[in-house]
Amino acid sequence: MPELPEVETVRAGLVQFLVGQKILSAESTWEKSFPNDPKLVRDKVVEATVLSVDRRGKAIIIPLSSSYSLLIHLKMTGQLVYKPNQGQGFGGGHPTDSLIHSLPDTSTRVIITLTNGTLFFNDQRKFGYVKLEKTAGLYERNLFLRKLGPEPLEENYTFEQFKTAVQKHNKTTIKAAILDQTVVAGVGNIYADEGLFAAKIHPATKVSQVSTVKLHRLFDVLREVMQLSIKLGGSSDRNYVDAKGKKGSYLKFAKVFRREGKECPVCGSEITKIRVAGRGTHVCPKCQKIKK
DNA sequence: CACTTGACCTGTCCGC
DNA sequence: TGCGGACAGGTCAAGT
């Protein structure tokens with residue numbers, strides 16, 4: 001479930017550990033997790049230096065000195081965890097509840113060793129990937145990256161942009177529209193449900209039935225909710241961890257997500273779980289009225 | 001073209 | 001205790 005705030009938290013952690021380090025080796029135990037020509041890996045990954053750690057939507061991009069980049073998608077269960085070598089500890093010490101003490105484990109798919117430590121790509125369900133791509137023109141060329149909509153937290157992102165993009169999907173539900181990565185990059189199931197609750201919009205409402213006022217409210221709260229989550233280190237539903245192998249705490253603040261059967265914090269009604277856009281969807285039936 | 005559904009995978013949970 | 005099946009949810013391919 002890594003969504004934008006989780007991926008951003010991972011990125012922010014990795015950037016301080018990896019930049020400037022040289023890669024010594026890159027190996028995988030599951031081919032689809034690392035679908036790259038071994039010769040190209042030898043030529044463009046081994047001996048290359050990490051230049052930066054970037055993010056676009058839910059993807060992480062690591063440009064290397066070889067003019068190639070690692071393009072990483074965590075999908076649902078991916079983790080990127082950095083384990084320093086003996087004597088190269090994290091500033092501030094190792095978190096005692098960190099996953100690094102048991103790495104590698106059964107879900108480890110890719111192992112990248114660097115001069116001062118090791119980067120583990122873990123992925124229980126094997127949906128994610130670490131792909132080697134040419135850096136030049138990557139964002140315009142890559143089939144996934146090129147289709148992504150705007151970054152929701154960028155300063156120049158406007159309501160007009162959001163409105164125009166959402167309303168192109170007039171026939172579908174508002175939840176399906178905001179989950180569409182071409183509309184806005186980075187929203188997933190957690191923040192879709194939380195945002196729609198905060199904006200008091202039922203997720204199954206057709207886009208054409210959402211008023212401009214409510215849409216504006218949704219635009220604002222989606223950004224607030226993701227901003228807050230980044231501050232709290234992301235959500236930890238199941239197996240999300242940051243670059244140090246630590247869980248995030250945002251879910252403690254979630255008002256509807258995974259709270260079915262519990263009380264709505266606003267009106268006290270029972271939160272229900274339904275299916276919208278093929279996903280488990282959490283709603284307060286009183287705060288979020290259906291309008292068809 | 002817009003939209004929906006199934007596939008990709010594995011681990012967990014629930015009912016019998 | 002074991003077992004089948006539903007479910008988790010990001011993205012792509014195939015179907016309507």
Please check the phosphate of [N] (OP1 and OP2 only) for any side-chain N or O of [X] closer than 4.0 Å.
X         : N       : answer
Arg279(A) : dC7(C)  : no
Lys147(A) : dT11(C) : no
Gln181(A) : dG10(C) : no

| query | More than 12 foreign heavy atoms under 6.0 Å from CD of Glu263(A): is that the case here? | reply | no
For residues [X] and [Y], determine if any side-chain heavy atom of one lies less than 4.5 Å from a side-chain heavy atom of the other.
X         : Y         : result
Glu47(A)  : Ile23(A)  : no
His202(A) : Pro285(A) : no
Leu51(A)  : Ser65(A)  : yes
Thr281(A) : Phe257(A) : no
Asn142(A) : Lys131(A) : no

Starting from [atom2] on [N], measure out to [atom1] on [X] and report it in whole angstrom.
X         : N       : atom1 : atom2 : value
Tyr240(A) : dG10(C) : OH    : C1'   : 16 Å
Ile60(A)  : dT11(C) : CD1   : C1'   : 17 Å
Tyr191(A) : dG10(C) : OH    : P     : 11 Å
Lys75(A)  : dC12(C) : NZ    : P     : 6 Å
Glu260(A) : dC7(C)  : CD    : P     : 12 Å
Leu179(A) : dG10(C) : CG    : P     : 7 Å
Asn122(A) : dT10(B) : CG    : P     : 15 Å
His73(A)  : dG10(C) : NE2   : C1'   : 6 Å

Between the protein and nucleotides 1-4 of chain B, list the N/O to N/O atom pairs that are separated by less than 3.5 angstrom.
| from | atom 1 | to | atom 2 | distance (Å) |
| --- | --- | --- | --- | --- |
| dC3(B) | OP1 | Lys171(A) | N | 3.0 |
| dC3(B) | OP2 | His169(A) | ND1 | 3.0 |
| dT4(B) | OP2 | Thr172(A) | OG1 | 2.9 |

| task | For the residue pair Phe219(A) and His216(A), categorise the inter-ring angle as parallel (less than 30°), tilted (30 to 60°) or perpendicular (more than 60°). | result | perpendicular
| Runs of at least three consecutive pairs that involve DNA chain C, where pairs are Watson-Crick or G-U with distances under 3.5 Å | B:2-8 with C:10-16, B:10-16 with C:2-8
| Base, sugar-phosphate, or nothing: which does Arg275(A) touch, judged by heavy atoms less than 4.0 Å apart? | sugar-phosphate
| Residues clustering with Tyr139(A) (ILVMFWY side chains joined when closer than 4.5 Å, directly or via others) | Ile61(A), Leu71(A), Tyr129(A), Leu138(A), Phe144(A), Leu145(A), Leu148(A)
| request: Linking directly or through intermediates, with side-chain heavy atoms under 4.5 Å: list the remaining ILVMFWY members grouped with Val276(A), chain and number order. | output: Ile274(A), Val283(A)
| said: Go nucleotide by nucleotide along DNA chain C from the 5' end; which of Asn189(A) and Tyr129(A) gets its closest nucleotide reached first? | reply: Asn189(A)
| request: Using side chain to side chain donor-acceptor pair (under 3.5 Å) as the criterion, list what pairs up with Ser208(A), not counting sequence neighbours. | output: none
Give me, pair by pair, the N or O atoms of the protein and of nucleotides 5-9 of chain B that are less than 3.5 Å apart, along with how far apart they are.
| from | atom 1 | to | atom 2 | distance (Å) |
| --- | --- | --- | --- | --- |
| dC9(B) | OP1 | Lys32(A) | NZ | 2.3 |
| dC9(B) | O2 | Arg125(A) | NE | 2.7 |
| dC9(B) | N3 | Arg125(A) | NH2 | 3.4 |

| said: Walk me through whether Asp193(A) and Lys175(A) qualify under salt bridge (charged side-chain N to carboxylate O under 4.0 Å, His left out). | reply: CA-CA 8 Å; Asp193(A) 282 3; Lys175(A) 175 157 178 175; 2.6 Å; yes
| Rounding to the closest angstrom, what is the interatomic distance between dC9(B) and dA14(C) at atom P? | 15 Å
| request: Examine the side chains of Tyr191(A) and Glu6(A) and answer whether a donor and an acceptor come within less than 3.5 Å of each other. | output: yes
